[in-house]
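Chain letters run A, B, ... following the sequence lines, proteins first and then strands; every chain starts at 1.
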Number of protein chains: 2
Amino acid sequence: MRHKIAVTVDCAVFGLDQDGLKILLIKRGIAPFKGRWALPGGFVRRESVEEAARRELKEETGLDGVFLEQLYTFGSVDRDPRQHTVTVAWYALTHIAAVQAATDASSAAWFAEDELPKLAFDHQAIFDVARERLRGKVRYRPIGFELLPKRFTLTELQRLYEVVLGRDLDKRNFRKKVLAMDFLVDTGELERNVPRRPARLYRFDRRKYRALERGGFEMWV
Amino acid sequence: MRHKIAVTVDCAVFGLDQDGLKILLIKRGIAPFKGRWALPGGFVRRESVEEAARRELKEETGLDGVFLEQLYTFGSVDRDPRQHTVTVAWYALTHIAAVQAATDASSAAWFAEDELPKLAFDHQAIFDVARERLRGKVRYRPIGFELLPKRFTLTELQRLYEVVLGRDLDKRNFRKKVLAMDFLVDTGELERNVPRRPARLYRFDRRKYRALERGGFEMWV
DNA sequence: TCAAAAGTGTTCCGCTTACACCCATGC
DNA sequence: GCATGGGTGTAAGCGGAACACTTTTGA
């Protein structure tokens with residue numbers, strides 16, 4: 001007779017607003033860790049682990065169709081007090097607005113990445129790995145766009161990179177580099193109603209990016 | 001009542017010999033896929049997933065204390081015909097000699113990476129991901145040394161990189177770069193009994209590497 | 001007219017790349 | 001003495017980093 005192990009998924013969902021990088025947490029309604037904040041997630045059913053992650057995200061936060069990548073699988077024997085539970089952790093990127101619209105304002109909330117409450121299970125460790133993965137990945141894959149609205153200014157894009165990487169970037173060099181690899185398209189539109197010179201709005205062109213990707217390309221911020 | 005899922009581990013073990021990159025396979029003695037070659041692995045017991053991977057490696061191949069990193073977790077519903085099974089896949093690097101010594105010569109064997117037999121389950125897909133991970137990781141972390149004997153010549157090191165990356169490298173540039181980041185130590189010894197000018201033997205200095213690593217360093221071949 | 005951010009080029013340096021010949025050994 | 005790989009330096013070009021001022025808008 002075989003040792004039984006439960007399988008769950010957990011998602012570290014990142015968003016970006018004026019104040020910086022945010023993460024989406026759920027307040028647990030049941031034991032264990034009732035009342036504690038936790039990463040959205042739950043048990044895997046008769047479905048693939050990715051399907052489970054997307055289903056739980058939708059059920060608990062209303063999010064659908066977001067950028068989602070597998071992060072790491074956490075399998076210490078004692079990470080769940082109830083039973084031996086292995087969790088497949090994921091990280092997701094989205095616009096904060098997508099959640100505000102979708103959530104029933106109930107138990108989900110955004111927290112600044114450096115002001116997380118005490119989390120259930122080993123979710124703090126999962127978050128730490130996710131944060132590090134995001135920092136690393138953003139430098140060689142243009143996944144950051146998932147955090148921005150469809151149209152954005154170059155300054156917004158730069159701020160995103162500064163927040164994720166945790167250091168300041170040079171404005172001129174940033175623009176030069178980011179425009180050089182041409183998957184950014186000038187929409188021709190400008191910001192409206194800003195008390196300063198309005199900035200051009202750009203969008204990320206996935207088609208162009210895919211093309212470059214095949215040509216083998218590496219560079220980034 | 002909850003849907004039951006089995007949890008396994010599988011390891012893609014890489015080795016290097018004169019002919020190139022090799023991978024270690026096990027011939028399955030039981031159904032399903034009885035008689036087929038497969039990655040070493042098995043069910044997780046009352047232990048962490050990493051402990052399970054190391055235990056299975058030791059039981060099935062005799063390998064102990066090898067370099068081992070988590071790769072990806074495969075969780076399609078139908079990847080195991082018996083039942084819903086999620087597998088946490090790992091990749092390992094070792095000297096081929098370590099296995100020849102340890103194995104009871106029974107059911108484990110090395111295969112050239114480009115001449116694999118038909119594998120059990122979705123192990124071919126796991127291998128493909130592992131191969132790609134190795135190619136990527138070797139460029140920014142000095143994990144390749146795990147494949148070489150303790151003392152090696154620069155030509156052996158270069159061949160390793162050429163095999164893993166799948167392209168030729170310039171001898172002078174390679175030596176310049178690899179010696180520049182100084183975690184390679186000249187042991188002062190030379191090859192013996194070669195029908196040509198004997199090469200110097202170097203070793204990888206983990207201490208020095210850790211020091212560099214903290215200083216934030218990136219470059220590689 | 002003021003405040004605030006947008007937008008824009010050049011120089012310097014270091015790394016990457018390309019490239020060819022002499023050397024030490026075993027047989 | 002011959003075959004085999006070991007070992008070495010330089011020049012050119014490219015990409016990354018540093019750096020300051022003018023422009024446009026709303027109030």
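Residue F174(B) contributes atom CZ, which lies 16 Å from atom P of dA18(C) at whole-angstrom precision. Distance CE (M181(B)) to C1' (dG14(C)): 14 Å, rounded to an integer number of Å. Atom CG of L201(A) and atom P of dA6(C) are 11 Å apart (whole Å). The CZ-C1' distance, from R167(A) to dA18(D), rounds to 14 Å in whole Å. At whole-Å resolution of the value, NZ in K177(B) and P in dG9(D) are 19 Å apart. For the pair E191(A) CD and dG26(D) P, the interatomic distance rounds to 11 Å; values are reported in whole Å. Between L169(A) atom CG and dG16(D) atom C1' there is a gap of 13 Å when expressed in whole angstrom units.
The environment of R79(B) atom CZ is dense: over 12 non-hydrogen atoms of other residues, nucleotides or ligands sit within 6.0 angstrom. Within 6.0 Å of atom NZ in K150(A), 12 or fewer heavy atoms from other residues, nucleotides or ligands are found, so the atom counts as exposed in its surroundings. Around CZ of R206(B), the count of heavy atoms belonging to other residues, nucleotides or ligands within 6.0 Å does not exceed 12. The neighbour count for R55(B) CZ, taken as heavy atoms of other residues, nucleotides or ligands under 6.0 Å away, is above 12.
Applying the salt bridge (charged side-chain N to carboxylate O under 4.0 Å, His left out) test to every pair with at least one member in residues 89-98 of chain A, sequence neighbours left out, gives no pairs at all. Listed by first then second residue, pairs satisfying salt bridge (charged side-chain N to carboxylate O under 4.0 Å, His left out) with a partner in residues 192-201 of chain B read D186(B)-R200(B), E191(B)-R196(B), not counting sequence neighbours.
Under the 3.5 Å distance criterion, with hydrogens and angles disregarded, a donor-acceptor pair is assigned to the side chains of T155(A) and R175(A).
Put simply, the residue from T94(A), V164(A), I96(A), L160(A) that forms a side-chain contact (heavy atoms from CB on, under 4.5 Å) with L16(A) is L160(A).
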Listing time: all N or O pairs from protein to nucleotides 8-13 of chain C that are below 3.5 Å?
residue : atom : partner : partner atom : Å
dT10(C) : O4   : K176(A) : NZ           : 2.8

Nucleotide N/O to protein N/O under 3.5 Å, stretch nucleotides 23-27 of chain C:
residue : atom : partner : partner atom : Å
dA24(C) : N3   : R197(B) : N            : 3.2
dT25(C) : O2   : R196(B) : N            : 3.3

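Proximity of the aromatic rings of F121(B) and F33(B) is defined here by a centroid distance below 6.0 angstrom, and this criterion is met.
By the 30° and 60° cut-offs, the orientation of the rings of F145(B) relative to F183(B) is perpendicular.
For the pair T155(A) and dA5(C), the criterion of a side-chain N or O lying under 4.0 Å from OP1 or OP2 is not met.
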- Note on the structure: Given Watson-Crick and G-U pairs under 3.5 Å, DNA chain D in dot-bracket ([ ] crossing, | other strand) is |||||||||||||||||||||||||||
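The side-chain hydrogen bond (donor to acceptor under 3.5 Å, both in side chains) check on Q70(B) picks up nothing, with sequence neighbours excluded.
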